[in-house]
Amino acid sequence: MKRLAAALLLALPAAAAAQTDLKCPEVSPRARSVKISLMQPLRRGKRWLPGAPGTVNYYACDLYGLMTEHAEYDGKSLVLKRAYVYKDQAESRDLCDRRKSEEKLTSTFSEEARSAIDDFCRRNKKKDFGAVFVYDASPSQGGESSRKPVRQVFRLFNAKGFVAEEDSFDPMMNLESATLYAYDKDNNLVEKTVNDPDGRQLRRETWSWDRRTASRTWSVYGENNELRRRTVYEEREDGTLRREVRTEYDSGEQTLSRTEIYCDAKGRPEKELVYDPDSPEPKYEYTYAYRRDAKGNWTEERKTRVIVYNGNRIPDTQSAPAITLRDIQYY
């Protein structure tokens with residue numbers, strides 16, 4: 001289990017984790033749980049109060065920073081709840097052994113043996129792999145342990161213990177997607193490609209580093225390999241994030257928008273500039289303010305908009321700030 005969890009953490013930086021949704025929100029020290037609430041601001045005179053919660057996401061996390069539970073609420077109403085169970089390599093191999101895929105292949109049930117999961121087991125029987133079971137843990141579904149998982153994710157590891165391939169199966173054990181990972185000689189993730197069951201590309205992501213400019217670039221491509229998003233992260237000498245530049249593109253790779261985010265000494269967003277495609281001046285400016293707990297992690301974030309017109313900055317008094325609250329429980 002430890003090797004599986006360590007490999008997941010090393011092979012899935014924040015940008016890559018989005019696809020599999022296995023990694024908890026990253027805080028230091030390690031969190032036991034994180035609840036993130038997007039509030040509905042309420043005005044009182046000239047002050048904006050947090051108001052009632054809108055969308056709420058709750059994450060329970062293990063010691064390796066991986067999710068064991070995720071629940072989403074719309075206000076107080078539960079929208080979904082998922083539980084994650086991680087199988088180590090011995091347990092995962094036993095899952096394949098119990099299916100007896102090799103025996104079925106020579107029997108009268110050979111068609112049954114040609115399911116996607118049996119193909120996976122036959123193809124990778126001598127390789128290292130682990131599995132993640134995803135359960136619908138909503139109260140209406142009854143006891144979690146008595147139900148089949150709504151998704152099973154099998155992950156192949158390379159010789160260095162990093163995830164090389166990730167195959168996701170639906171409840172009927174049909175292949176939903178196959179994700180391939182590539183690394184450089186220093187074990188940095190440089191490419192991730194998500195394919196459909198027939199091998200057609202759904203999404204491709206690449207990462208690159210430029211030591212001269214102390215920057216790294218994350219690029220996202222669509223199903224036709226067209227560039228849809230590019231984010232450049234510029235770092236300070238101590239490794240903290242100094243500036244982030246996000247550019248969104250349409251299907252013809254024409255710029256839709258550009259956003260520049262400037263960060264404080266700890267790498268947290270401090271100022272955000274939003275540009276129209278052909279404008280040299282920002283259309284909007286946002287400023288960030290925080291409240292923090294005793295461990296230095298923010299528990300309240302306020303994002304306030306400023307209108308920029310002809311070089312003048314005008315506070316937008318009519319728009320409510322975006323207010324996000326975080327409740328963090330630590331190990």
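As the structure is a computational prediction, the values presented were derived from the model and not from experiment.
When hydrophobic side chains of Ile, Leu, Val, Met, Phe, Trp and Tyr are connected at separations under 4.5 Å, Y221 ends up clustered with L227, Y249.
Under the 6.0 Å cut-off for aromatic ring centres, Y183 and F162 qualify, their centroids lying closer than that.
Only one option out of L175, V153, T179 pairs with S168 in a side chain to side chain contact (heavy atoms under 4.5 Å, CB included); it is V153. If you run salt bridge (charged side-chain N to carboxylate O under 4.0 Å, His left out) between E235 and each of R211, R216, R243, only R216 comes through.
Between the CG atom of D119 and the CG atom of D167 there is a distance of 10.5 Å, given to the nearest 0.5 Å. Here E234 contributes atom CD and E244 contributes atom CD; the two are 10.0 Å apart, rounded to the nearest 0.5 Å. Between the CG atom of N297 and the OG atom of S28 there is a distance of 7.0 Å, given to the nearest 0.5 Å.
In R292, the CZ atom is crowded: over 12 heavy atoms of neighbouring residues, nucleotides or ligands sit closer than 6.0 Å. Heavy-atom neighbours of R43 CZ from other residues, nucleotides or ligands within 6.0 Å: above the threshold of 12. At most 12 heavy atoms of other shown residues, nucleotides or ligands fall within 6.0 angstrom of atom NZ in K266.
Contact between V306 and R313 at its shortest, heavy atoms only, is CG1-CB, 3.8 Å. Nearest heavy atom pair, residue Y330 against residue D293, reads OH-OD2, 2.6 Å. When all heavy atoms are compared, the tightest approach of E191 to R204 is OE2-NH1, 2.8 Å.
Side-chain contact between Y331 and P29 is absent, with no heavy atoms from C-beta onward closer than 4.5 Å. Within the 4.5 Å cutoff, the side chain of T255 has no heavy atoms near those of the Y275 side chain.
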Verdict with reasoning, L189 to E205, per side chain to side chain contact (heavy atoms under 4.5 Å, CB included): CA-CA 10 Å; L189 181 62; E205 303 177 38; over 6 Å; no
Salt bridge (charged side-chain N to carboxylate O under 4.0 Å, His left out) assessment of E270 paired with R268: CA-CA 6 Å; E270 191 172 43; R268 289 183 292 249; over 6 Å; no
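Remark: F154 pairs with F120, F169 by the ring pair (Phe, Tyr, Trp, His ring centres under 6.0 Å) rule, at least two apart or across chains.
Within the structure, salt bridge (Lys or Arg N to Asp or Glu O under 4.0 Å) pairs that include any residue of residues 67-80 comprise E69-K81 (at least two apart or interchain).
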